[in-house]
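Take a look at the structure set out below.
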There are 2 protein chains.
Amino acid sequence: MAEKLQDSYLAAHDQLYRTLRMRIMYGEMRPGQAITLRGVAEEFGVSVTPVREALKRLAAEGALSISVSGRFQTPVLTNDRIEELAALRALIEVELATRALPRAHMALVERLQTINNAISVAVAKADAVTYIRTNLEFHRTLYLRAQAPAMLATVETVWLQMGPTMRALYGRLQRKDPPMHHRLILAALKAGDEPGLRVAVRADVTQGLRMLAG
Amino acid sequence: MAEKLQDSYLAAHDQLYRTLRMRIMYGEMRPGQAITLRGVAEEFGVSVTPVREALKRLAAEGALSISVSGRFQTPVLTNDRIEELAALRALIEVELATRALPRAHMALVERLQTINNAISVAVAKADAVTYIRTNLEFHRTLYLRAQAPAMLATVETVWLQMGPTMRALYGRLQRKDPPMHHRLILAALKAGDEPGLRVAVRADVTQGLRMLAG
DNA sequence: GCGCGGCAAATGTGATCACAAATGCATATG
DNA sequence: CATATGCATTTGTGATCACATTTGCCGCGC
């Protein structure tokens, strides 16, 4: 087995998995976009074997859907499914934020503010991919404090499933303002206001669904 | 590709996946039990290729853990992890039950009662595997009414991760009574009592953790 | 008796090949 | 011009092989 450079031994399929996962989660692919084994294999200079593992793994997490004939594509979500995934986000993220609250010190709040500034920049530049990535980084940074790896992994799976759709929705969103609810989250964190934090996180997560329902 | 019998074309790796998933979820394997590619391949009369896909997929769902050298084994959960997974179950299952409540008609309640009787039989026979399987069937039957496939899939993943540990805990549990909380769930369903249902589901899910904390 | 070294077996990984099914495009047909 | 037919290409699947690493067991030496 060809080892990489001197550090970070990563199996080929794991490297593929991580790269493709980021592409999907951060909205670099459109909903319904097809992915082929040989296409990915050629792009990364490997055989189809590790590609199969990576794609199957992503499919198992809901990041890809498999057609009846076995073809891979990014999922095309119905409105019902989007609403359900948003409800899952709300459920789990409110819990994660609640668990993080007693451990959230000033250094964390400052870090979140820095990320929030990066989000504002992405919004100003209308850079959808950067917006999605930094927005998720904001949430992940907060939830890491919850010391709840299983919950975090679960919610990341939800993010993954919504990635391509979030990108497609971003164009319709016509965002012009930096995230309002993030400021509410930061304020609640500073004040130690658990009810306020729960409301703010729930509102932030379910934001952007109004245009779907309406 | 050798087709199976005339109906239900299932790819070999998918067949393997389903079979192994059931073994794990229903507690037919102990925590930390090793699984090898060639072992499974020989048992099922296939090559290692489809086995790799099935095991990788199970690992992606947390049903198996992978050692640093790439070996597969059923997960050995810490108490913190068990508590976290139980909290996840509580969060999601309470929501699923709530969503199922307005759609729960008499036929569903009767079906749940039938399953509940099967659980009592398994308890009387001290049959851990049957107990776990029928208990999960009780929950799944209720939650199917919620029309929330993403939530159901997520909670099934949690069940999967807990499977081997649930089996190991069952022995310590010394169960002698049929599930008390299930009767509360049924009563709340019949009465249309949403708060009562939420409390009963939460209690049922987090039951059995007292011996861990104590 | 106990620990250590070394070798054989076991194990996961990735490449390659053959195969069947699905896809898609070009051509023929009404 | 639209629809159907047929064939070449694409695509996923599974088997097999070579290889590097790890595991584990046996025997040697202290």
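Every value quoted in this text rests on a predicted model; they were computed, and no experiment measured them. Chain naming here is simple, since letters A, B, ... match the order of the sequence lines and numbering starts at 1 in each. In what follows, every heavy atom counts, from backbone to side chain, and hydrogens, waters and symmetry copies are set aside.
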Inset, instruction - Using a heavy-atom cut-off of under 4.0 Å over every strand shown, decide if B:L16 touches base, sugar-phosphate, or nothing. - result: nothing

Before accepting this row, confirm whether a basic side-chain N of the pair B:D14/B:R57 lies closer than 4.0 Å to the acidic partner's carboxylate O.
-> yes

On DNA chain C, more 5' by nearest nucleotide between A:H13 and B:T36 is B:T36

Applied to residues 114-124 of chain B, the salt bridge (charged side-chain N to carboxylate O under 4.0 Å, His left out) test, sequence neighbours excluded, yields none

Here the distance between atom P of C:dA9 and atom CD of B:E42, to the nearest Å, is 17 Å

Contact check, residues 56-72 of chain A vs DNA chain C, heavy-atom distance under 4.0 Å, returns A:S69, A:R71

Sequence neighbours excluded, the answer for side-chain hydrogen bond (donor to acceptor under 3.5 Å, both in side chains) partners of B:R89 is B:E93

So salt bridge (charged side-chain N to carboxylate O under 4.0 Å, His left out) across residues 33-54 of chain B, not counting sequence neighbours, yields A:R52-B:E53, A:E53-B:R52, A:K56-B:E53, B:R23-B:E43

Residue set satisfying side-chain hydrogen bond (donor to acceptor under 3.5 Å, both in side chains) with B:T49, at least two apart, ordered chain then number -> none

Do any N or O atoms of the protein come closer than 3.5 Å to N or O atoms of nucleotides 15-18 of chain C, and which pairs are they?
{"from": "C:dA15", "atom 1": "OP2", "to": "A:S47", "atom 2": "N", "distance (Å)": "2.7"}
{"from": "C:dA15", "atom 1": "OP2", "to": "A:S47", "atom 2": "OG", "distance (Å)": "2.4"}
{"from": "C:dA15", "atom 1": "O5'", "to": "A:S47", "atom 2": "OG", "distance (Å)": "3.3"}
{"from": "C:dA15", "atom 1": "N7", "to": "A:T49", "atom 2": "OG1", "distance (Å)": "2.7"}
{"from": "C:dT16", "atom 1": "O4", "to": "A:T49", "atom 2": "OG1", "distance (Å)": "3.4"}

Sorted by chain and residue number, the side-chain hydrogen bond (donor to acceptor under 3.5 Å, both in side chains) partners of B:Q161 (sequence neighbours excluded) come out as none

Exercise for the section: For B:L55, answer base if it contacts any base atom (sugar-phosphate contacts may also be present), sugar-phosphate if it contacts only those atoms, and nothing otherwise; contact means non-hydrogen atoms under 4.0 Å. Expected result: nothing

For B:R140, the side-chain hydrogen bond (donor to acceptor under 3.5 Å, both in side chains) test, sequence neighbours excluded, returns B:Y26, B:E156

Residue pairs meeting side chain to side chain donor-acceptor pair (under 3.5 Å), one or both in residues 113-125 of chain B, sequence neighbours left out, come to B:N116-B:H182

